[in-house]
2 protein chains.
Amino acid sequence: MTSDQLSSTFAALADPTRRAILARLTSGEASVTQLAEPFEMSMPAISKHLKVLERTGLIARGHEAQWRPCRLKAGPLKDVADWAAQYRRFWAESFERLDDYLRDVQKKGKKYGHGKHHGKQRARIGAHPRV
Amino acid sequence: MTSDQLSSTFAALADPTRRAILARLTSGEASVTQLAEPFEMSMPAISKHLKVLERTGLIARGHEAQWRPCRLKAGPLKDVADWAAQYRRFWAESFERLDDYLRDVQKKGKKYGHGKHHGKQRARIGAHPRV
DNA sequence: GATGTATTTAACCTGTGGGTTAAGTACGGT
DNA sequence: ACCGTACTTAACCCACAGGTTAAATACATC
């Protein structure tokens, strides 16, 4: 999972129309026209959205007569979930308090660094998350 | 959690520089200059990235002398994790096979609908995900 | 082979995202 | 008071995302 793949996945998910399409596909395969139906949007627009989702690997497309049925491919969503899970401890309430405490402690030491030589800061807890 | 908030969070996370900044902030508060240091990018560029992260609620900023220390606010990441978790069963390998089976079953029934009257499809498993 | 349906492609418009440089603001130290 | 440091704002550029309409493609049916 390269950083670029994650970037395109997030970019794809940033559009509510595309998220709605994914949601719709959880109840099964659907044709382009069926997917377009809930939206006040031209077919080519939907077609573009589907192309984005396909490039990102979030859907796969079939080829039956004149239909191009879409089905959900949730693989990249696991990457998203895994990425976000790295920050789990930072949204846990208990950690918030711990963080405040650690910040106070840190305050006693040297901060930011004035002028050219600012010491590299150390990680305080756990390993560094993947980007 | 409105759909728009989720959209801006995903949009914010779609940029690798911003994700790197978040990762850096897991090891504690940092000044803008410190955050900028790893990147071959002008300060204003970093400043803009921070503004995006702040608007999205992913960081909060302090005000100490001429420094604007940033700290991580992981709240929105929980929303991301929760959203992605809705699709958990779709990336589980076991489900893939189940899905294939169900798709075959469905194939026996009417498909897509020819002409005007295509029947509304039913959800097959569980509830509909939030968008 | 003409017609209708499903979908994509092409050409185009507009807004915005991410970068730049240059100037402005705010603060501390001497 | 002046200088250096930290950071933001302003003005600008360019690429691209998301939408449009109109035309092209692919297939099924009559």
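Just so it is clear: chains get the letters A, B, ... in the order the sequence lines come, proteins before strands, and each one is counted from 1.
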Taking side-chain contact (heavy atoms from CB on, under 4.5 Å) as the test, write out the residues that go with A:A45, two or more places apart. A:M41, A:S42
What string of B, S and - do you get for nucleotides 8-21 of chain D, 5' to 3', when a contact is any protein heavy atom under 4.0 Å? BB-B------SBBB
Taking all non-hydrogen atoms of both residues into account, name the closest pair between A:S31 and A:W67 and its distance. CB-CD1, 3.9 Å
Flag for A:R89-B:T26: side-chain donor and acceptor within less than 3.5 Å: no
Going by side chain to side chain donor-acceptor pair (under 3.5 Å), name the pairs with one or both residues in residues 43-54 of chain B, residues two or more places apart or in two chains. B:R18-B:H49
side-chain contact (heavy atoms from CB on, under 4.5 Å) partners of B:A11, counting only residues at least two apart: A:A14
A:D79: side-chain hydrogen bond (donor to acceptor under 3.5 Å, both in side chains) partners, not counting sequence neighbours: none
In whole Å, I'd like the distance from the NE2 atom of B:H63 to the P atom of C:dT25. 15 Å
Please report the distance, rounded to the nearest Å, between CD in A:E64 and P in D:dA28. 11 Å
Dot-bracket encoding per residue of DNA chain D, Watson-Crick/G-U cut-off under 3.5 Å, | denoting interstrand: ||||||||||||||||||||||||||||||
Using atom CZ of A:F10 as one end and atom P of C:dG17 as the other, report the distance to the nearest whole Å. 18 Å
Linking I/L/V/M/F/W/Y whenever their side-chain heavy atoms sit closer than 4.5 Å, directly or via other members, would A:W91 and B:F10 fall into one cluster? yes
Would a single hydrophobic cluster contain both B:F39 and B:L22, if residues Ile, Leu, Val, Met, Phe, Trp and Tyr are joined by side-chain heavy-atom contacts under 4.5 Å? yes
